[in-house]
Number of protein chains: 2
Amino acid sequence: MPPSSRNEETLHHILDTAMDLFARDGFDSISMSAIAEAAGVSKANIFHHFKSKDELYIQSLRRACDASHSSLEAMANGEGDAWQRIEGFLRAHLHQMFQQSRDSRLILREVVENRPGTAQRLAQDVFRNNFNRLVAIIAECQRSGALRSTLDPVFVSTLLLGTNVFFFQSQEILQHLEGVDFGNDPDRYVRQFMDIFQHGTLPIENSQEEV
Amino acid sequence: MPPSSRNEETLHHILDTAMDLFARDGFDSISMSAIAEAAGVSKANIFHHFKSKDELYIQSLRRACDASHSSLEAMANGEGDAWQRIEGFLRAHLHQMFQQSRDSRLILREVVENRPGTAQRLAQDVFRNNFNRLVAIIAECQRSGALRSTLDPVFVSTLLLGTNVFFFQSQEILQHLEGVDFGNDPDRYVRQFMDIFQHGTLPIENSQEEV
DNA sequence: GTCTATATCGGGATAGAC
DNA sequence: GTCTATCCCGATATAGAC
């Protein structure tokens with residue numbers, strides 16, 4: 001194995017280990033010694049590859065962000081009517097969060113942490129593209145007549161994402177509340193949401209009255 | 001001033017300061033020295049009142065939980081029809097989160113932190129009562145015919161709370177996304193939600209067809 | 001009950017051999 | 001590029017005077 005390759009591999013391994021630990025316990029809770037031990041290298045070696053703990057964290061976050069830039073393209077190009085595509089998106093998005101739960105947690109931590117300046121960076125670097133894409137898709141669903149045109153597509157997108165994110169972050173707690181039958185069943189959660197969402201966003205053709 | 005009173009006052013002041021700092025920066029980021037300085041007392045004094053940093057944190061969390069046990073009673077006894085009461089609840093709840101944002105953040109941190117054993121404790125000690133109460137109210141709205149009876153009241157409650165919590169925790173980021181006109185306007189957020197929620201949960205009297 | 005001073009430990013980061 | 005050994009500082013926590 002060529003030395004340069006070995007180098008890259010070690011660096012990647014350190015970063016990967018760091019992401020695991022940062023995601024699980026947070027920046028301050030994790031020491032460089034802990035990362036070194038978990039990665040099976042010396043502290044000094046880590047400092048050889050990353051000039052500080054902060055930089056290691058930043059790069060962890062960056063990698064998590066890159067990984068999360070994944071596709072709601074499935075939805076854009078998806079098959080079926082608007083509802084099927086939206087439901088497909090919710091399922092795919094939720095599934096992705098759990099599958100890449102390490103990266104998701106890393107970012108979620110950063111959101112809740114709410115350090116000054118972070119919000120704007122996260123908004124622009126991580127969420128912006130996907131969010132705007134989702135807004136565009138919703139707007140398109142409105143133009144096609146599937147969704148009521150009086151709704152704000154930006155709000156609708158926020159509602160969709162929020163519903164998913166809340167489930168992801170609260171799953172543990174939901175499971176400990178009584179009567180929650182969707183606690184470890186994301187699909188069931190999405191289905192119940194869609195039941196309300198679909199009826200709530202349909203064009204009002206026969207102007208229902210309140211009871 | 002009697003010495004015992006002075007005592008109580010100092011203890012409360014330390015705890016109050018600690019809650020501020022823990023909520024803002026998290027447990028690990030805040031040192032006892034920082035709390036001591038902010039509270040205007042010596043480190044040793046804090047250790048006199050709290051046997052460890054951990055205990056100080058636990059008590060901070062406990063106080064935050066107590067404070068958050070506030071009323072969705074306003075909703076239970078509220079006036080107006082089911083929709084007005086639900087909207088009133090969402091507004092009151094959101095308002096309360098922001099007003100007691102220190103306590104809310106403290107708890108939210110703990111949720112995201114997801115330390116082993118914490119989820120169950122939080123579920124039982126903090127959320128359980130209010131959650132069950134909300135479920136009961138929703139169920140009552142269903143019995144009265146305002147909400148579709150086929151919906152799971154537990155899910156509906158989760159949706160309501162999740163919508164609010166997500167807004168609270170993501171407000172900073174939402175403000176940095178394009179087209180978000182509810183970023184610093186909780187009432188507007190709630191109103192848009194209610195627009196969808198109400199139509200989505202109404203009994204289906206004339207069985208709308210999908211487009 | 002409150003302080004100053006101190007003990008002790010673990011943190012991030014560096015030096016220098018290999 | 002990787003290691004061992006070390007520096008230095010700030011952290012929690014304690015001792016003991018007032």
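Just so we're on the same page: letters track the sequence lines, and every chain starts at 1.
The side chain of A/Asn45 contributes an N or O atom lying less than 4.0 Å from OP1 or OP2 of D/dC3. Proximity of A/Thr10 to the phosphate of D/dT2: a side-chain N or O atom is located under 4.0 Å from OP1 or OP2. A sub-4.0 Å separation between OP1 or OP2 of D/dT14 and a side-chain N or O of B/His48 is absent.
Minimum atom distance to the side chain of A/His49 is reached by D/dT2, of the listed C/dT14, C/dC3, D/dT2. Nearest nucleotide to the B/Val41 side chain, out of C/dT14, C/dG11, C/dC3: C/dC3. In this structure, the nucleotide among C/dT4, D/dT12, C/dG12 sitting nearest to the side chain of A/Met32 is C/dG12.
Using a 4.0 Å cut-off on heavy atoms, the residues of residues 51-60 of chain A that approach DNA chain C are A/Ser52, A/Lys53, listed by number.
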Show, in sequence, the C-alpha distance, side-chain angles and deciding distance for B/Gln59 and B/Glu55, and conclude whether the side chain to side chain contact (heavy atoms under 4.5 Å, CB included) test is met.
CA-CA 6 Å; B/Gln59 296 222 20; B/Glu55 195 204 303; 2.9 Å; yes
What's the verdict on ring pair (Phe, Tyr, Trp, His ring centres under 6.0 Å) for B/Phe127 and B/Phe131, showing C-alpha distance, side-chain angles and the deciding distance? CA-CA 6 Å; B/Phe127 303 118; B/Phe131 186 76; 8.8 Å; no
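Checked against the 6.0 Å centroid threshold, A/Phe27 and A/Tyr57 count as a close aromatic pair.
Rounded to whole Å, atom C1' of D/dA13 lies 5 Å from atom CZ of B/Phe47.
Residues B/Gln169 and A/Gln169 have side chains that bring a donor and an acceptor to within less than 3.5 angstrom of each other.
Within the nucleic acid shown, A/Ile30 comes within 4.0 Å of sugar-phosphate atoms alone, with no base atom in reach, counting heavy atoms only. Nucleic acid contact class of A/Ser31 (heavy atoms, under 4.0 Å, all strands): sugar-phosphate only.
Ring geometry for B/Phe167 against B/Phe182 counts as tilted: the plane angle lies between 30° and 60°, on a 0 to 90° scale.
Although no hydrogens or angles enter the test, the distance criterion places a donor-acceptor pair under 3.5 Å between the side chain of A/Lys53 and the main chain of A/Ile30.
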